[in-house]
Amino acid sequence: MGHPKPSREIEDFMNNPYQQGAFARPAATLAVDARARFIMRTYTHLIGAIFAFAALEVAIFQSGLALPIAQALSGNWMLVFGAMMLTGWGATHFAQSAKSVVAQYFGLGMYVLMQVIIFVPLLYIANASAPGAIESAAMVTTLGFAGLTAVAFVTRKDFSFLKGIMFWGFIMAMVAIVASMIFGFHLGTFFSVAMVGLAGAAILYDTSNVLRHYPENAHVAAALALFASVAMMFYYVLRIFISSRD
Amino acid sequence: MPLIEGDPAPSKPLSPSERRVTYWFAAFFGLCCLGELLSGYEPAKLTVLFILLWWVPLLFVHELGHAGMAKLLGWSVSDIVIGFGRDLWRFRIGNTQVRIKWVLMEGYVRPVPTELAWGRLKMALIFGAGPAAEAGVLAVLFGIYGSSVLLSSSADIAVLAAQSLAVAIAISLISNLFPRGAPGGGVSDGLGMLLSWRISTEALEQMRLRPRLVEIARLMDEDHGDQALQLAEETRLAFPDQFAVELEYGIALGAAGQLTEGMVQLEAIGPPEAHPPATQAVLLEAAALLVLAADADELLPDACDAASQAVALMPEDRFLALTYGRVLFESERYPQALRALQGALGHLGDTEVEGRCLAFLAMTCQHLGQKDEAEAYRQTLPGRLQSPSLQRRVDDLMAADVPAEPPTEQAG
């Protein structure tokens with residue numbers, strides 16, 4: 001028995017230049033098992049990144065490095081912010097690399113490491129002055145993430161329309177953060193609430209991208225985007241818990 | 001997060017319900033910001049607002065710095081574009097087209113060399129002039145207030161406004177001088193200054209030719225094939241042996257109804273395989289454009305192949321993707337055209353090209369029976385699409401209420 005003639009759709013796919021580079025075919029257009037594999041891979045990488053983050057934080061706190069790191073960062077927030085921007089840019093650049101899996105993992109690893117260091121001062125304050133806040137924030141973030149993920153999975157809505165408003169939200173947030181560092185004012189609970197809202201929108205947006213737009217080979221980049229959004233939500237939920245116990 | 005590089009979601013206009021959600025979210029975010037400002041109010045918090053407000057005049061200063069330097073060096077400027085999104089105001093100053101847009105966040109200037117002597121140095125100076133103009137404002141600010149006032153904390157609103165201007169300039173300088181790519185295939189001023197030293201004479205020559213090539217393309221768009229051919233011939237005489245002109249001349253022959261001559265012209269440039277990938281891609285794209293310009297429907301499958309190969313050679317090039325989308329559209333392969341055009345739309349920095357892409361997206365959605373999406377795309381055209389003939393084509397198609405294509409092909 002000869003090979004069946006490929007369907008027009010398969011022919012189109014085989015001839016489709018978009019299966020390469022930034023235009024790679026979205027996983028959402030693949031067969032069910034390939035789609036499921038992509039989603040599993042993405043969330044496995046996300047969970048792996050979260051566990052790596054938690055394990056490194058525990059190691060830093062148990063080794064006694066937390067206090068010196070927190071002290072070093074507290075006096076140099078502008079430097080930290082600059083480094084964060086640069087590392088974030090570099091990490092995502094590597095994670096988006098379609099050609100090298102090693103580069104993608106390097107990007108994700110770099111990003112997790114950067115977040116580990118940035119979180120140290122806040123976790124140190126929470127540990128010292130608001131016992132239980134870390135656990136509560138972790139619980140709220142987990143519930144928030146699960147709820148938003150469920151919304152995206154159940155409704156199947158394309159949340160990519162949030163891109164514009166999120167872009168402007170992030171621009172405003174960055175300007176506010178830079179201004180607060182330079183002019184020495186404190187960004188309080190309202191700002192944290194706005195950032196939690198923004199992080200929630202980002203989770204919806206990223207999840208919808210995982211379901212609809214990321215190409216099959218971009219599971220590491222997808223996991224990085226989700227990790228960045230979850231980390232941001234955790235950071236500002238923790239800030240709210242700390243300030244509520246002041 | 002959307003600020004992460006390589007965002008995979010396509011850009012598309014919002015539906016009414018999506019618009020409502022966006023407004024609610026913006027209201028929530030705005031109320032939080034207001035709450036933050038008012039709770040524990042201190043004058044320093046106003047600096048966030050000041051920095052955002054200063055950004056707009058700084059953008060003008062920056063772009064005029066580029067344009068002013070180009071003029072000073074004897075070059076001309078074909079476009080000054082301030083902002084992105086749809087045009088708010090469009091006018092000409094001499095040969096310069098000025099476009100002020102709705103979203104005043106970034107901009108660009110298109111210098112045109114009048115002669116090539118000291119081209120690299122002049123390019124570097126033009127790139128550097130934008131940041132230099134802002135640095136000049138910073139110097140004036142320090143001259144007026146003095147470093148003791150600008151660098152110390154104050155509760156005085158006027159001083160805070162001046163300090164915010166200094167911070168806005170610093171942010172702009174860092175963002176512009178950091179060597180990086182920019183949307184639409186552009187580069188930051190920092191990277192531009194570095195690359196200027198390696199720019200080839202051919203690239204400078206192409207910048208010099210660009211206004212003529214744009215005009216030829218515009219004439220072909222408006223179905224003035226004979227005028228396009230005439231201008232192409234004149235350009236060919238003025239700039240002999242220029243690769244870009246030879247290509248455009250070949251396409252213009254097709255637009256003037258001389259398809260065979262156009263094909264001979266492109267073949268005379270040489271087989272694509274003889275060139276490096278970027279040139280191969282441009283050649284293949286020209287072949288596809290020739291078929292489109294000549295309305296040679298029987299050759300559309302070949303045009304599809306050529307455009308497809310061009311995109312495969314340069315998958316990151318959104319302009320090639322737009323051509324591929326157009327060819328697929330004309331071939332009535334609408335699901336594939338939709339995907340190609342959505343991919344192209346992502347980062348088309350040039351609004352005119354963005355307008356064309358949106359027009360084809362509107363027509364593609366209409367053919368696919370996605371009426372709401374088609375209408376949403378059409379709504380984005382005013383202030384973006386500069387081609388009256390394409391606008392008419394969109395309007396006619398939408399008015400005709402064409403039946404949806406049967407879903408014989410899956411989007412991909």
Side-chain angles (χ1 to χ4, degrees), chain A residues 8-9 12-13 15-18 20-23 25-26 29 88-89 92-93 96 158 160-172 175-176 178-180 182-191 193-194 197-198 201-202 205-206 208-209 212-215 218 221 224-225 228-229 232, chain B residues 1-12 14-15 18-19 21-22 25-26 28-29 31-37 39-40 42 44-45 47-48 50-52 105 153 160 163-164 167 171 174 180 305 308-313 315-316 321 324 333 336 339-340 343 346 408-412:
Chain A
R8 175 75 186 274
E9 186 200 336
D12 277 338
F13 170 56
N15 295 327
N16 187 351
Y18 292 99
Q20 301 160 32
F23 290 107
R25 184 180 165 104
T29 59
W89 177 78
T92 49
H93 180 77
Q96 297 289 344
D158 184 357
S160 61
F161 72 90
L162 292 170
K163 178 160 39 179
I165 185 75
M166 283 166 62
F167 175 78
W168 289 109
F170 279 114
I171 295 283
M172 281 196 67
V175 171
V178 169
S180 75
I182 293 174
F183 294 99
F185 60 87
H186 177 68
L187 289 170
T189 307
F190 280 105
F191 180 75
V193 171
L198 210 53
Y205 177 81
D206 292 333
S208 149
N209 277 348
R212 287 169 166 269
H213 302 302
Y214 271 108
L224 188 147
S229 302
M232 188 170 85
Chain B
M1 292 198 301
L3 293 185
I4 281 182
E5 214 185 303
D7 179 24
S11 299
K12 54 183 185 181
L14 305 187
S15 69
E18 291 171 347
R19 205 177 293 273
V21 174
T22 303
F25 190 81
F28 159 77
F29 197 78
L31 280 174
C32 285
C33 290
L34 190 66
E36 185 60 47
L37 180 70
S39 71
E42 49 182 313
K45 286 189 173 180
T47 53
V48 178
F50 287 146
I51 292 171
L52 293 171
M105 197 180 159
S153 66
L160 284 170
Q163 289 175 331
S164 304
V167 171
I171 293 172
I174 291 167
R180 62 183 169 84
D305 282 348
S308 161
Q309 286 176 47
V311 175
L313 283 163
E316 308 289 338
Y324 185 44
R333 293 170 66 182
Q336 289 90 343
R339 181 157 154 60
T408 52
E409 296 168 312
Q410 204 176 331

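Sequence lines set the chain letters: A, B, ... in the order given, protein chains first and strands last, and positions in each chain run from 1. Just so we're clear, the structure is a prediction, and the values are computed from it rather than from any experiment. Values below: all heavy atoms of this structure, side chains included; hydrogens, waters and symmetry mates excluded.
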**Request:** List in chain and number order the residues that pass side chain to side chain contact (heavy atoms under 4.5 Å, CB included) with A:F190, two or more places apart in sequence or in another chain; answer none if no residue qualifies.
**Result:** B:E36, B:S39
**Fill in**
Closest non-hydrogen contact found for B:V48 with A:A176 is CG2-CA, 3.8 Å
**Complete:** Checked B:A26, B:S164, B:G35 vs chain A; the most non-hydrogen pairs under 4.5 Å come from B:G35
**Request:** Check whether any side-chain heavy atom of B:Q163 sits under 4.5 Å from a side-chain heavy atom of A:I182, and report yes or no.
**Result:** no
**Asked** Shortest non-hydrogen contact from B:A44 to A:F185?
**Response** O-CE2, 3.3 Å
**From B:C33 atom SG to A:L187 atom CG, the distance as rounded to the nearest 0.5 Å** = 9.5 Å
**Item:** Point-to-point distance, once rounded to the nearest 0.5 Å, from CG of B:L14 to CD1 of A:I165
**Value:** 10.0 Å
**Fill in**
To the nearest 0.5 Å, atom CZ of A:F167 lies from atom CE of B:M105 at 3.5 Å
**Prompt:** Would you call A:F161 and B:S15 a side-chain contact if the rule is heavy atoms closer than 4.5 Å?
**Reply:** no
**Asked** side chain to side chain donor-acceptor pair (under 3.5 Å) with B:T22: which residues, sequence neighbours excluded?
**Response** none
**Prompt:** Contact part of A:T189 toward chain B, heavy-atom cut-off under 4.5 Å: side chain, backbone, both or neither?
**Reply:** backbone
**Request:** Identify the heavy atoms of B:K45 and A:H186 that sit nearest to each other, and give their distance.
**Result:** CE-O, 3.8 Å
**Request:** Examine whether an atom of B:E18 lies under 4.5 Å from a heavy atom of chain A, and if so say whether it belongs to the side chain, the backbone or both; otherwise answer neither.
**Result:** both
